[in-house]
Amino acid sequence: MLSPSHALRPFLRQRSLLQRAEALLDATWCRQRNVRLQVVSATRKSHTHSISSSSKWTSKLIDGRKIARQIHAEIRADIAGWVARGNRRPHLSVILVGDDPASAVYVGNKLKAAQNTGISSETLIRPANTPEADILRLIRELNEDSNVDGILVQLPLPPHMNERRVCNALAPHKDVDGFHVVNVGRFCLDMQALLPCTPLGIMELLRRKGIETFGKNAVVVGRSKNVGMPMAMLLHADGIGETQAGDATVTICHRHTPSHSLVEFTRMADILVVATGIPRLITADMVKEGAAVIDVGISRIKDPRTGRSTLVGDVDFEGVVDKVSHITPVPGGVGPMTVAMLMQNTYSAAVSRIRYETGTVTEYQTWDDESENVAFVI
């Protein structure tokens with residue numbers, strides 16, 4: 001009998017081929033105005049896209065909002081079919097600790113996406129001074145609730161909480177952010193897991209735009225545990241493995257990379273992913289002609305010309321855009337894809353698409369506040 005991962009491979013290959021075909025057509029016709037492109041799939045309903053060439057950079061922009069809307073529609077159709085077959089609607093529980101305005105906005109976007117895709121959701125808000133033990137207790141209750149498919153703890157947490165301890169308290173099969181040590185370990189071994197949403201979204205952008213990763217030089221600037229590190233793993237791992245990774249040759253740069261070395265590395269990149277939080281760190285002289293640039297950063301700065309605040313990325317967009325083949329805008333690039341992948345992870349958790357060795361996690365030890373270790377029986 002085929003394992004679930006083998007059983008899904010024909011579908012994944014077919015879906016990948018369709019996405020590549022769509023991206024090729026998109027790239028070929030993007031300079032024409034108001035083209036209507038229809039791609040019909042045997043496994044999906046037909047999707048119709050409106051393509052506009054109002055900007056001189058249309059052919060280069062990777063429109064994360066547009067692709068995220070496509071993914072939302074696909075998930076919505078899948079969930080409708082899942083519910084029509086008599087199954088319970090997927091449910092996402094979000095824990096928000098404190099009153100950070102940015103976190104509240106992020107949570108609001110996630111709940112809006114859940115509603116749009118047909119996922120039921122709830123926000124469990126706790127004051128910033130809530131003891132960590134109370135949050136751990138709440139997580140255990142959600143772990144044991146059979147009506148909850150996905151759990152998300154909005155980061156960052158207040159300073160008195162241990163972020164790693166809280167993330168590890170989640171049951172791995174409900175950890176839709178992909179931050180639990182079991183999920184991190186599994187995808188590092190190229191095994192099925194709930195993957196971190198931002199790197200997963202970037203891989204989906206590359207696939208849907210037909211940007212080849214096989215054998216390419218990829219540089220990831222930033223080594224955070226939630227973005228940079230998993231991004232590098234997904235770009236370099238074996239494409240025939242369970243994570244459907246990129247087979248690229250990957251270099252990781254970070255804050256201790258000397259500036260002259262950083263320039264040398266980034267100039268070699270066919271694919272450049274930047275996730276540092278440093279506004280306009282990457283300039284035109286640091287980018288290879290024809291490279292694909294993925295800008296994860298987003299910072300609010302004051303425009304010296306107008307005096308108004310504006311959102312910018314880690315890449316000097318105006319300086320770089322004429323030199324590259326593809327680039328994500330800020331905002332509207334990676335951000336919407338992160339939310340879309342959260343919805344995908346929640347649906348996957350609900351239908352048990354991710355298999356933990358024997359099918360499901362059957363038992364897990366609740367977090368011991370006095371220990372840094374937690375054991376799982378899977």
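Sequence positions, counted from 1, serve as the residue numbers for this chain.
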Donor-acceptor pair, N109 side chain versus V339 backbone, under 3.5 Å?
no
With a sphere of 6.0 Å drawn around CZ of R85, does it hold more than 12 non-hydrogen atoms of other residues, nucleotides or ligands?
yes
With a cut-off of 6.0 Å (strictly less than), are more than 12 heavy atoms of other residues, nucleotides or ligands near NZ of K323?
yes
Contact summary for G333 and T328, nearest pair of heavy atoms:
CA-CB, 4.1 Å
When you measure from the side chain of Q154 to the backbone N and O of V94, does any donor-acceptor pair fall under 3.5 Å?
no
Taking atom types as modelled and ignoring hydrogens, do the side chains of D190 and T243 form a donor-acceptor contact shorter than 3.5 angstrom?
yes
Is a donor on one side and an acceptor on the other found under 3.5 Å between the side chain of H180 and the backbone of N168?
yes
Can you tell me if R223 has over 12 outside heavy atoms packed within less than 6.0 Å of its CZ?
yes
For T283 and D285, test the side chains for any donor-to-acceptor distance below 3.5 angstrom and give the result as yes or no.
yes
Distance col, row R137:CZ vs L142:CG, nearest 0.5 angstrom, shows 13.0 Å
Side chains of H91 and S120 only: does a donor on one sit below 3.5 Å from an acceptor on the other?
yes
Could you walk me through whether R89 and I119 satisfy the side-chain contact (heavy atoms from CB on, under 4.5 Å) test, starting with their C-alpha distance in whole Å, then the side-chain angles of each, then the deciding distance to 0.1 Å, before giving a yes or no?
CA-CA 6 Å; R89 189 172 296 280; I119 295 171; 5.8 Å; no
Could R208 and E74 be called an ion pair, given the rule that one side-chain N must be under 4.0 Å from one carboxylate O?
yes
Going from CG on L138 to CD1 on I95, what distance comes out if it is rounded to the nearest 0.5 angstrom?
4.0 Å
Flag, side chain of T276 to backbone of I278, donor-acceptor distance under 3.5 Å
yes
Take a 6.0 Å sphere around CD of Q115 and say whether it holds more than 12 heavy atoms from other residues, nucleotides or ligands.
no
K288 side chain vs D270 backbone, donor-acceptor pair below 3.5 Å
no
Is R88 salt-bridged to D149, cutoff N-O under 4.0 Å?
yes
Residues D303 and T310: side-chain donor-acceptor under 3.5 angstrom
no
Any donor-acceptor N/O pair, N217 side chain to A269 backbone, under 3.5 Å:
no
